[in-house]
Trainee: 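Below is one structure. I have some questions about it.
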Amino acid sequence: MELLSTSTGPIAYDEMGTSGSIPLVLLPSGAHSRHDYDELRALLSPHVRTVALDWPAHGDSPPSSSPASAMHLADVAEEIVEQLAPQGAIVLGNSVGGFAAARLAIRRPELVRGLVIVDGGGFTGRLPHERAFCSLMGSPGFLRRIYPLFASRYMRAGTPADRRALAASVATTRADPGLKAVSELWRSFTSPEHDLRRDAPSITAPTLLVWGRRDPVIPAWVGRRAAKLIAQSELVVLDTGHVPYTSDPERFSTSLLSFVNAVLTSAPEGRP
């Protein structure tokens, strides 16, 4: 594990796999850590160099000097990719990580050689009852009480990796600084800046969308909507909850490696 300096504080990350290739940058869900990707990275490491990070106040990263909004995490992702892969990377994000990856592809297309959105946010509006729920989750006391049940429901845990990710996400929300960061994150989901629908059609990077069929938080129909918004996209639906790569890493890696190989094969002449 190493620390990388950003404008709002250090970020913990690590690298694994083949050196010299276009990296695959892995952005986790809120309340989760880079270790959610451990099983997937073990399958990918003979073929792909991966870089996985912890969001501020998550895992091994200290708190940021800025509130932990979805937009701030997207800014962090932009700084990380710009520093570690200035020639561009394949960027994969889950949930708020998917939002961050998509926003990066919109704002800095030269940094995103390929885009992978996994049960990602930012592709729907907010109905009144959804705004109310986000506000409740933005209250640290409510979030701390409800998160074990909430996480159990969205994880649909059936594998050891699922159970490890579930336990880690609950631990993040037990006390500050993780509790504060995750509650701030939920409050930001009602911001107009979290809505990517207007700008998503401008994404030019080849895009793979992977969704869990049994995700109750960001359902599979959102993935179908995102696929309609992004021209060069393919949607794969797996029989999982919100975190498909812990529930079914083998099938996930098969789809991902096919996509990564297509991106690398189509790399413009003169680019690695």
Side-chain angles (χ1 to χ4, degrees), residues 6-8 25-30 55-56 64 66-82 85 88-138 154 182-212 215-237 242 244 259 263:
T6 74
S7 59
T8 57
V25 177
L26 303 168
L27 310 176
S29 175
W55 296 124
S64 170
S66 298
S69 68
M71 288 62 70
H72 173 59
L73 298 194
D75 291 340
V76 168
E78 183 174 327
E79 289 194 49
I80 293 291
V81 174
E82 188 172 41
I90 300 170
V91 185
L92 181 156
N94 176 217
S95 195
V96 70
F99 165 83
R103 199 187 76 153
L104 178 60
I106 292 166
R107 288 165 53 110
R108 298 288 304 277
E110 76 280 6
L111 292 178
V112 182
R113 306 280 289 273
L115 173 64
V116 186
I117 302 172
V118 185
D119 295 68
F123 298 99
T124 64
R126 294 292 182 196
L127 296 172
H129 71 278
E130 293 171 325
R131 289 181 170 276
F133 182 69
C134 289
S135 295
L136 282 171
M137 293 292 275
Y154 73 68
V182 177
S183 63
E184 290 172 344
L185 191 57
W186 273 93
R187 287 198 295 272
S188 76
F189 291 155
T190 61
S191 168
E193 293 180 81
H194 186 252
D195 189 341
L196 298 176
R197 290 176 294 173
R198 183 188 66 184
D199 296 326
S202 70
I203 293 173
T204 57
T207 301
L208 174 66
L209 303 159
V210 185
W211 242 263
D215 183 355
V217 181
I218 308 179
W221 65 262
V222 179
R224 292 190 290 271
R225 175 173 290 181
K228 291 180 180 179
L229 291 170
I230 302 172
Q232 296 188 70
S233 65
E234 172 193 0
L235 174 64
V236 174
V237 179
H242 189 60
F259 174 78
V263 170

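Since the model is a prediction, treat every value here as computed from it, not as a measurement.
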Trainee: Please output the side-chain donor-acceptor pairs of residues 101-108 that fall under 3.5 Å, not counting sequence neighbours, one pair per line with the distance.
Mentor:
residue: Arg103; atom: NH2; partner: Met71; partner atom: O; Å: 3.4
residue: Arg103; atom: NH2; partner: Asp75; partner atom: OD1; Å: 2.3
residue: Arg107; atom: NE; partner: Glu78; partner atom: OE1; Å: 3.4
residue: Arg108; atom: NE; partner: Glu110; partner atom: OE2; Å: 2.5
residue: Arg108; atom: NH1; partner: Glu78; partner atom: OE2; Å: 3.2
residue: Arg108; atom: NH1; partner: Glu82; partner atom: OE2; Å: 3.2
residue: Arg108; atom: NH2; partner: Glu82; partner atom: OE2; Å: 3.1
residue: Arg108; atom: NH2; partner: Glu110; partner atom: OE2; Å: 2.9

Trainee: According to side-chain hydrogen bond (donor to acceptor under 3.5 Å, both in side chains), who are the partners of Thr207, at least two apart in sequence or on a separate chain?
Mentor: none
Trainee: For residues Val222 and Asp215, determine if any side-chain heavy atom of one lies less than 4.5 Å from a side-chain heavy atom of the other.
Mentor: no
Trainee: From Ile117 CD1 over to Leu27 CG, what is the distance, rounded to the nearest 0.5 angstrom?
Mentor: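 Between atom CD1 of Ile117 and atom CG of Leu27 there are 11.0 Å.
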Trainee: According to side-chain contact (heavy atoms from CB on, under 4.5 Å), who are the partners of Ser95, at least two apart in sequence or on a separate chain?
Mentor: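 With neighbours one apart ignored, the set is Ser29, Ile218, His242.
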Trainee: Going by heavy atoms in the side chains, are Pro109 and Ile203 under 4.5 Å from each other?
Mentor: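 No. Closest side-chain heavy atoms not under 4.5 Å.
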Trainee: Can you name the side-chain hydrogen bond (donor to acceptor under 3.5 Å, both in side chains) partners of Asp119, sequence neighbours left out?
Mentor: none
Trainee: Quick one: which residue pairs count as a ring-ring contact (aromatic ring centres under 6.0 Å, His included) with a foot in residues 109-130, not counting sequence neighbours?
Mentor: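 Of all non-adjacent pairs touching residues 109-130, none passes ring-ring contact (aromatic ring centres under 6.0 Å, His included).
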Trainee: So, using side-chain contact (heavy atoms from CB on, under 4.5 Å) as the criterion, who are the partners of Ala89 when residues are at least two apart?
Mentor: Pro23, Val25, Val81, Ala85, Val91
Trainee: Quick one: are Trp186 and Leu136 in side-chain contact, heavy atoms under 4.5 Å?
Mentor: no
Trainee: Is a side-chain N or O of Gln232 found less than 3.5 angstrom from the main chain of Thr204, in a donor-acceptor match?
Mentor: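 Indeed, once roles are kept as given, a pair shorter than 3.5 Å links the two residues.
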Trainee: Does Ala70 have any side-chain contact (heavy atoms from CB on, under 4.5 Å) partners at least two apart in sequence or in another chain, and if so, which?
Mentor: Val96, Phe99, Leu185, Ser188, Phe189, His194
Trainee: Grab the two heavy atoms, one from Ala200 and one from Ile230, that are nearest each other, plus how far apart they are.
Mentor: O-CG1, 4.0 Å
Trainee: Show the nearest heavy-atom pair for residues Pro56 and Leu73, with the distance to one decimal.
Mentor: CD-CD2, 3.7 Å
Trainee: Less than 4.5 Å apart, side chain to side chain, heavy atoms only: is that true for Thr124 and Trp221?
Mentor: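 A side-chain contact exists here, since the closest heavy-atom pair is under 4.5 Å.
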Trainee: Which residues pass the salt bridge (charged side-chain N to carboxylate O under 4.0 Å, His left out) test with Glu184, sequence neighbours left out?
Mentor: Lys180
Trainee: What pair of heavy atoms forms the shortest contact from Leu209 to Gly223, and how long is it?
Mentor: CD1-O, 3.9 Å
Trainee: Quick check for you: to the nearest 0.5 Å, what is the distance between Leu229 atom CG and Leu196 atom CG?
Mentor: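 Going from the CG atom of Leu229 to the CG atom of Leu196 covers 9.5 Å.
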Trainee: What pairs with Phe259 under ring-ring contact (aromatic ring centres under 6.0 Å, His included), at least two apart in sequence or on another chain?
Mentor: none
Trainee: Can you pull the salt bridge (Lys or Arg N to Asp or Glu O under 4.0 Å) pairs that have at least one residue in residues 186-195, sequence neighbours excluded?
Mentor: Asp195-Arg197
Trainee: Considering residues at least two apart in sequence or located in another chain, which fulfil the side-chain hydrogen bond (donor to acceptor under 3.5 Å, both in side chains) criterion with Glu130?
Mentor: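 Glu130 satisfies side-chain hydrogen bond (donor to acceptor under 3.5 Å, both in side chains) with no other residue.
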Trainee: Work out which heavy atom in Pro28 is nearest to a heavy atom in Trp55; give both atom names and the distance.
Mentor: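 Scanning both residues, the minimum pair turns out to be O-NE1, 2.7 Å.
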Trainee: State which residues pass side-chain contact (heavy atoms from CB on, under 4.5 Å) with Thr190; sequence neighbours excluded, sorted by chain then number.
Mentor: Arg131, Cys134
